[in-house]
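Beneath this line is the structure, given in structure tokens, with notes to follow.
The model shown is predicted, which means the values in this text are computed figures rather than measured ones. Along the sequence shown, the residues carry numbers beginning at 1.
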Amino acid sequence: MNFAHLVHVAGITLIALSAALALAGGVALGYGESDALSFMAAAAIALAVGLTAFRRTTLERDLSIREGYAVVAISWIVVGLAGATPYLFSGVIESPVAAFFESVSGFTTTGATVFAEVETLPRSILFWRAMTQWLGGMGIVLLGVAILPFLGVGGMQLFKAEVPGPTTERLTPRIRHTATTLWYVYAGLTALQTGLYVLGGMPAFDAVLHAFTTLSTGGFSSMNASLAAYSPYLQYVTIAFMYLAAINFTLHYQLTRGRVRYGQDAEWRFFTGVTLAVTALVFILAVTGPARGGFEETFRAALFQVTSIVTTTGFVTFDYELWGSAAALALLALMFMGGMAGSTAGGMKAMRVRLLLRHGLTELKRSVHPRAVIVARLGRVPVPDRTFYRVMAFALFFIGLFGAGAFAMAILGHDLVTAIGASAASIGNIGPGLGGVGAVQNYGWMGPASHLILVFLMLAGRLELFTVLLLFHPDLWRRHAKPAIMRADA
């Protein structure tokens with residue numbers, strides 16, 4: 001482990017982030033807000049620190065596998081710290097821990113917020129909140145993968161640590177081209193959604209913000225009532241793009257090449273089937289419950305909330321806890337699954353859940369037919385046992401961290417429902433949970449200790465657990481004679 005390599009790449013990340021901070025400062029200048037100085041100061045600090053780290057360190061070779069994982073985790077922490085500075089400099093958040101919480105929530109696309117009133121915030125702050133989610137959606141580090149090969153830094157190890165899901169599928173032969181292609185698809189969908197919002201009567205500024213936070217499956221809104229403040233048309237547009245954002249982006253890329261592969265993908269069929277099934281269940285519970293409304297209104301609310309939770313976006317149009325405990329439990333279960341691998345969504349990912357179910361059914365068959373050779377498949381593709389073991393290890397850590405987080409929150413004095421809801425919503429990168437952090441609540445009333453616990457869960461969930469947990473493994477930092485190297489042209 002060469003620490004100079006970590007500092008060097010973190011410096012590059014800060015340099016890139018300073019440009020985003022300057023852009024938010026430009027928004028403040030455009031609207032005549034005094035917060036422009038806050039953003040320019042934050043941009044100057046990020047640029048100065050980044051340039052210092054970049055110039056005083058060198059890269060003697062490509063990053064090793066261990067360095068790749070460490071760079072991803074440390075870069076996200078550094079970006080979270082830098083992203084908190086505008087909140088502190090502008091005075092909209094006084095607590096450094098709360099500002100760090102808001103920043104990490106943005107970059108991890110969790111959508112948990114400490115703000116009780118967002119409509120009173122300056123437009124530049126609203127833009128920065130949305131920008132952090134848009135950048136985090138595809139990944140600050142993944143953006144760097146398209147640039148780092150020019151500097152002699154390997155990209156494959158970063159790509160493997162960053163892209164959500166149990167497997168990493170290339171779209172093009174080189175990692176830099178893959179990263180660039182993903183960004184083109186991501187930006188194109190964002191532009192399309194912005195246009196549909198404007199056509200539906202949403203103000204242009206709000207349209208850009210909500211497109212940023214929808215495609216990133218983030219959920220920050222410029223309205224206190226979230227998407228409930230807008231028309232049914234705009235809500236249906238949001239449903240469609242939340243769903244698209246939670247689909248593996250390789251399928252979207254295939255569509256741009258004239259190949260429609262959605263129906264051929266086993267994970268897509270599973271994810272879509274679960275979404276529709278739970279929507280039907282929640283709709284039945286809602287339309288027969290005490291908070292029932294009109295047929296279309298209730299259907300739209302059920303479809304919106306199920307899609308928002310399963311895609312880990314976190315937008316709300318209705319207080320889903322009013323539908324009763326059964327509906328709340330159904331939505332809680334979706335918090336653990338999340339979207340598809342290779343999407344911007346959080347959670348365990350639909351592919352892992354499907355593999356776990358498939359493995360369970362396979363073991364049942366083997367118990368009945370112990371001498372039979374039974375091969376588990378995902379669609380038509382055989383799945384090796386090693387993949388199952390890795391998925392089971394991930395699920396074990398995921399459930400373990402969720403339980404540990406809920407237990408820690410309970411120790412800090414939070415009631416059981418709030419502790420469970422906050423832990424699940426944070427590790428799943430969803431935002432709204434249950435109880436004191438439900439659909440119409442926020443996280444601003446919590447103390448610094450609670451915020452730091454949830455920050456850890458948000459980072460762990462966003463970076464696929466192992467990337468963060470490896471920071472605590474001594475082998476990651478121990479020097480080896482011959483470290484494995486992944487080259488830039490891998």
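At distances below 3.5 Å, not a single donor-acceptor pair connects side-chain atoms of Trp323 with backbone N or O atoms of Phe283. Remark: side-chain polar atoms of Ser226 are not paired, donor with acceptor, to backbone N or O of Ala228 under 3.5 angstrom. In this structure a side-chain-to-backbone donor-acceptor pair under 3.5 Å is missing from Gln305 to Tyr320. Arg462 places no side-chain N or O within 3.5 Å of a backbone atom of Gly428 that could act as its donor or acceptor partner. Under a 3.5 Å cut-off, the side chain of Thr313 and the backbone N or O of Ile309 do not form any donor-acceptor pair. Panel note: side chain Ser343, backbone Ala345; a donor-acceptor pair is recorded below 3.5 Å.
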Between Leu401 and Phe456, does a side-chain contact (heavy atoms from CB on, under 4.5 Å) hold up when you go through it step by step? CA-CA 10 Å; Leu401 281 178; Phe456 174 79; 4.0 Å; yes
Please step through side-chain contact (heavy atoms from CB on, under 4.5 Å) for the pair Phe304 and Val316, ending with a clear verdict. CA-CA 8 Å; Phe304 190 101; Val316 294; 5.7 Å; no
If you apply the rule side-chain contact (heavy atoms from CB on, under 4.5 Å), what do you find for Ile125 with Ser90, and how did you get there? CA-CA 9 Å; Ile125 294 294; Ser90 63; 3.7 Å; yes
Before you tell me yes or no, could you show the steps for Met340 and Leu251 under side-chain contact (heavy atoms from CB on, under 4.5 Å), namely the whole-Å CA-CA distance, both residues' side-chain angles and the distance that decides it to 0.1 Å? CA-CA 11 Å; Met340 292 176 60; Leu251 297 178; 3.9 Å; yes
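Taking the six-membered ring where tryptophan is involved, the planes of Tyr243 and Phe271 are essentially parallel, since the angle between them stays under 30° and well short of 60°. Taking the six-membered ring where tryptophan is involved, the planes of Trp128 and Phe107 are perpendicular, since the angle between them exceeds 60° and thus also 30°.
Taking a cutoff of 4.0 Å between a charged side-chain nitrogen and a carboxylate oxygen, Glu267 and Arg352 do not qualify as a salt bridge.
Side-chain contact of Glu102 with Thr113: a donor-acceptor pair under 3.5 Å is present, judged by distance alone. Between the side chains of Trp134 and Thr190, a donor-acceptor pair is found at a separation under 3.5 Å. Donor-acceptor pairing under 3.5 Å is lacking for the side chains of Thr213 and Gln133. Between the side chains of Ser222 and Asp206, at least one donor N or O lies within less than 3.5 Å of an accepting N or O. Judged by distance alone, the side chains of Ser450 and His414 do bring a donor and an acceptor atom under 3.5 Å apart.
With rounding to the nearest 0.5 Å, the separation of CG in Asn224 from CD in Glu119 is 4.0 Å. Distance CZ/Phe212 to CD/Gln193: 11.0 Å, rounded to 0.5 Å. Atom CE of Met351 and atom CE of Met337 lie 12.5 Å apart (nearest 0.5 Å).
More than 12 heavy atoms of other residues, nucleotides or ligands sit less than 6.0 Å from atom OH of Tyr31. For CD of Glu94, the number of neighbouring non-hydrogen atoms (other residues, nucleotides, ligands) closer than 6.0 Å is 12 at most. Around the OH atom of Tyr236, the shell of radius 6.0 Å holds more than 12 heavy atoms that belong to other residues, nucleotides or ligands.
For the salt bridge (Lys or Arg N to Asp or Glu O under 4.0 Å) test, no residue two or more places apart in sequence or in another chain qualifies with Arg123.
Checked against the 6.0 Å centroid threshold, Tyr197 and Tyr230 do not count as a close aromatic pair.
The heavy-atom pair separating Leu215 from Ala245 by the smallest distance is O-CB, 3.4 Å.
Applying the ring-ring contact (aromatic ring centres under 6.0 Å, His included) test to pairs two or more places apart or on separate chains, those with a residue in residues 328-359 are Phe336-Phe402, His359-Phe388.
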